[in-house]
Engineer: 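Would you mind keeping the following structure in view while I ask a few things?
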Protein chains: 2
Amino acid sequence: MRRMTARPANAHQARLLRLLRDGGPNSRAQLGDQVDLSRSKLAVEVDRLLETELVVADGLAASRGGRRSHNIRLNPHLRFLGVDIGATSVDVAVTNAELEILGHINQPMDVREGPVAVFEQVLSMATKLKASGLAEGFDGAGIGVPGPVRFPEGVPVAPPIMPGWDGFPVREALSQDLGCPVMVDNDVNLMAMGEQHAGVARTVHDFLVVKIGTGIGCGIVVGGEVYRGTTGSAGDIGHIQAVPDGRPCACGNRGCLEAHFSGAALAWDATEAAQQQLSAELAGRLEANGTLSAVDVAAAAAAGDATSLDLIREGGNRTGQVIAGLVSFFNPGLVVIGGGVTGLGHTLLAAIRTQVYRGSLPLATGNLPIVLGELGPTAGVIGGARLISDHLFSPA
Amino acid sequence: MRRMTARPANAHQARLLRLLRDGGPNSRAQLGDQVDLSRSKLAVEVDRLLETELVVADGLAASRGGRRSHNIRLNPHLRFLGVDIGATSVDVAVTNAELEILGHINQPMDVREGPVAVFEQVLSMATKLKASGLAEGFDGAGIGVPGPVRFPEGVPVAPPIMPGWDGFPVREALSQDLGCPVMVDNDVNLMAMGEQHAGVARTVHDFLVVKIGTGIGCGIVVGGEVYRGTTGSAGDIGHIQAVPDGRPCACGNRGCLEAHFSGAALAWDATEAAQQQLSAELAGRLEANGTLSAVDVAAAAAAGDATSLDLIREGGNRTGQVIAGLVSFFNPGLVVIGGGVTGLGHTLLAAIRTQVYRGSLPLATGNLPIVLGELGPTAGVIGGARLISDHLFSPA
DNA sequence: CTACTTTTTCCACTCACAGGACAAAGAGCG
DNA sequence: CGCTCTTTGTCCTGTGAGTGGAAAAAGTAG
């Protein structure tokens, strides 16, 4: 099938496309209620969108007491690709234009193998999705990488955990390979956009998303827009000092939050505890697998292992202290906790909440929900689809 | 004189007014170069502005090689009032429409006396400025108060250091008394706007302003706009924990930044040191005045007093650590240090810089200037004038 | 005084858009 | 089934914003 390359010609068309994306199929009359345009103007713009084939007619709507209205919807053949490159695995998903996931693959992988190897894998995963009949091609792709990105160019800059990616023209390269427009962003920002589009942050304009995975990062949304900072490194909270003169960190400092609590730190602590026979549960798992990860700690904690619960609580306290500072500073309307360690669930959340509610002033915490992300591993890929659709559904 | 009450009728007019405000008198042709409107359209809008008397003709411009252009400028009779209410003093200033200060008064005062007493004083200061012939009336006023403000309504909310102001309708009341439009904001946000308009932050879009006065606060500017947070308490960094299990703070916690370093804390520390005879310099000053303030510490430090220098350095270190965290999180393009203690100058700045450059990642600090504010005590009042002019110079 | 520039005004033309009139399509009711 | 009322979609005209060319006005440089 020929891919759609059309773009909305003006702000009205962009507005309509986004309404259809976020609200699904809709009647012309209902659209009219939402956009404050005269019926004539609306009809003209809708007709033009129909001509571009970005939207298609979709039968008749139910009557609202009079003549039935004609439904329209985004072209059901449109396909977006969401790619979430983590430190140790990749998620790739296909969505339709309404950003609903049609197919989703997750595979282990090590970013440190470098961009060429990783993109080979991403492309083969995309091909697999195509082969299963979910898509004949892609109209756009949004990619998340675990490090800072110079956003306009779509190029990673000085990423600590992925040397070899520095300056690699991700956007350019993938756009060539996939044959469609591509946007690149930090993985945490993608997660924030995902939760904003389809998760817990749908109604909030200013919020933070704290992602605790292999590292720790934070997505910042201001007035509904992702804030990326001057050099694209905003939200890099993993290296805020959480413990004075604490553990040495890979960054050269001591006491960084990430050195004390993150997927990696948790695994290290658990291994330590197992080897010192502090926890039979963890020791058994280490014996069985040869190695421990955050998932093991989560499982042990669920089984009631005291050592694991302590590790989680302590980590939650440290994280909560840092978040308390951010809440004082940023005064968000919502804080979302997500990432690989959400399996730690309520123990973690309780520890964080305690610290934040204690450490920030009532005015900032008074009406501040602190919740787990709703979308789990799909937040990133949905965010990717959202990123590229925001780009494509804006005036050319 | 009859006050101007007109407002720009559309975005073009607002744009032109702001250009005249920021760039001073300008010829019609030069304006045309900046606004991307057709000559005819520009002429129409300028004529309408002339009709409203918001702008006036101002003779002929120098020739650029052909016919000389007519200059226009903002009405020179326009007057804005900037009011900066601090914890222990008030600044009131009159500006023209180009936000140049025509007169400035500073008086000691205690906010805790409550809004009624304070506004009585503010009004008498404003009257004094009028009496000196600088203004016949005011076209707008911008007020800064040392605490969180619900911005749209212009009402302080739960301000810790100014009980009695909670919920007081500052905007409403002053608008009545002054007979002109009024906008109210946090004093730190005003300072940020001042430095943005006429100080060090003129060319930066994302920056932080840290004000160290009686307390400590931070102004946040995102994309050129002040960010106020969900409940108006964004930037309230005085109660971020800087020292684990540190000094008790008025807020009920321990180790708040403000408890360890601020005008008040510094005065307390200095008095302590003087009484314990750790510093002859400070003891002498205590003897002479009966009390010590941050100004005394600054003077003693300038005279080479080791104890005072240590106090400043230690405070700078604590503040720097907190700012380092904010820099990692926010990735600003500039950090401005200001407020009453800027007299501490380079000792303070050096300590802060050391901590930030050490405690944040290179990508965030690489090209990050950390500088003292340029405007000193006028930043707040200029910010106030800027606040109200932004409001008045926007489409009605 | 002449040739060339720049600024300003004037005017005709295009385009976006609103809103009314009217036709089409359906619901509800007797 | 016919009648009335409601909603939806189309057509058409009026209005106001805005553009761009032509020409007048006001200079400069020789």
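Within every chain, numbering begins at 1; the chains are lettered A, B, ... in the order of the sequence lines, protein sequences first and strands thereafter. These figures come from a predicted structure and were not determined experimentally.
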Engineer: Does D:dT7 have its OP1 or OP2 closer than 4.0 Å to a side-chain nitrogen or oxygen of A:R68?
Structural biologist: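 A:R68 to D:dT7 OP1/OP2: no side-chain N or O under 4.0 Å.
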Engineer: With no hydrogens and no angle check, is any side-chain donor or acceptor of B:R79 less than 3.5 Å from a backbone partner on B:F138?
Structural biologist: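 A pair under 3.5 Å: no.
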Engineer: Nearest whole angstrom, please: distance from the C1' of C:dT8 to the NE2 of B:H70.
Structural biologist: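 Interatomic distance, NE2 of B:H70 to C1' of C:dT8: 8 Å.
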Engineer: Would you confirm whether B:S389, through its side chain, and B:R386, through its main-chain N or O, come within 3.5 Å as a donor-acceptor pair?
Structural biologist: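 Yes: the side chain of B:S389 pairs with the backbone of B:R386.
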Engineer: Starting at CZ of A:R64 and ending at C1' of C:dA25, how long is that distance when rounded to a whole Å?
Structural biologist: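 So the two atoms are 15 Å apart, to the nearest Å.
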Engineer: Donor-acceptor pair, distance only, cut-off 3.5 Å: does the side chain of B:Q30 make one with the backbone of B:N26?
Structural biologist: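 A pair under 3.5 Å: no.
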Engineer: Without swapping roles, check the side chain of B:E195 against the backbone of B:L375 for a donor-acceptor pair under 3.5 Å.
Structural biologist: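 Such a contact is found between B:E195 side chain and B:L375 backbone.
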Engineer: Any salt bridge between B:R15 and B:E45, counting N to O under 4.0 Å?
Structural biologist: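 Between B:E45 and B:R15 there is no salt bridge, as every charged N stays at least 4.0 Å from the carboxylate O atoms.
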Engineer: So if I take residues 25-32 of chain A and measure heavy-atom distances to DNA chain D, which residues fall below 4.0 Å?
Structural biologist: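 Only A:R28, A:A29 qualify.
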Engineer: For C:dT8, does OP1 or OP2 lie under 4.0 Å from any side-chain N or O of B:S69?
Structural biologist: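 True: B:S69 side-chain N/O within range (under 4.0 Å) of C:dT8 OP1/OP2.
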Engineer: List the residues meeting side chain to side chain contact (heavy atoms under 4.5 Å, CB included) with B:L42, not counting sequence neighbours, and say none if there are none.
Structural biologist: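 For B:L42, the residues satisfying side chain to side chain contact (heavy atoms under 4.5 Å, CB included) (neighbours in sequence not counted) are B:L16, B:V35, B:V46.
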Engineer: Run the salt-bridge test on B:D47 and B:R28 with the 4.0 Å N-O cut-off and return the result as yes or no.
Structural biologist: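 Salt bridge between B:D47 and B:R28, a charged N being under 4.0 Å from a carboxylate O: yes.
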Engineer: Just by distance, no angles: are the side chains of A:N75 and A:H77 close enough, under 3.5 Å, to form a donor-acceptor pair?
Structural biologist: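 Distance-only check passes for A:N75 and A:H77.
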Engineer: How many whole angstroms separate atom CG of B:N71 from atom C1' of C:dT8?
Structural biologist: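 Rounded to whole Å, this separation is 15 Å.
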Engineer: Can you tell me if the side-chain N/O atoms of A:H12 get under 4.0 Å from OP1 or OP2 in C:dC17?
Structural biologist: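 The answer is yes; a side-chain N or O of A:H12 sits under 4.0 Å from OP1 or OP2.
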Engineer: Among residues 34-51 of chain A, which ones have heavy-atom contacts with DNA chain C below 4.0 Å?
Structural biologist: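 Hits under 4.0 Å, by residue number: A:S38, A:R39, A:S40, A:K41.
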Engineer: By nearest nucleotide on DNA chain C, pick out whichever of A:N10 and A:S63 is the more 5' one.
Structural biologist: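 Closer to the 5' end of DNA chain C: A:N10.
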Engineer: Starting from the 5' end of DNA chain D, give me the residue, B:R67 or A:R67, whose nearest nucleotide shows up first.
Structural biologist: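 By nearest-heavy-atom nucleotide position, the 5'-most residue is A:R67.
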Engineer: For the CZ atom of A:F80 and the CG atom of A:L102, what is their distance to the nearest 0.5 Å?
Structural biologist: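 Those atoms lie 11.5 Å apart.
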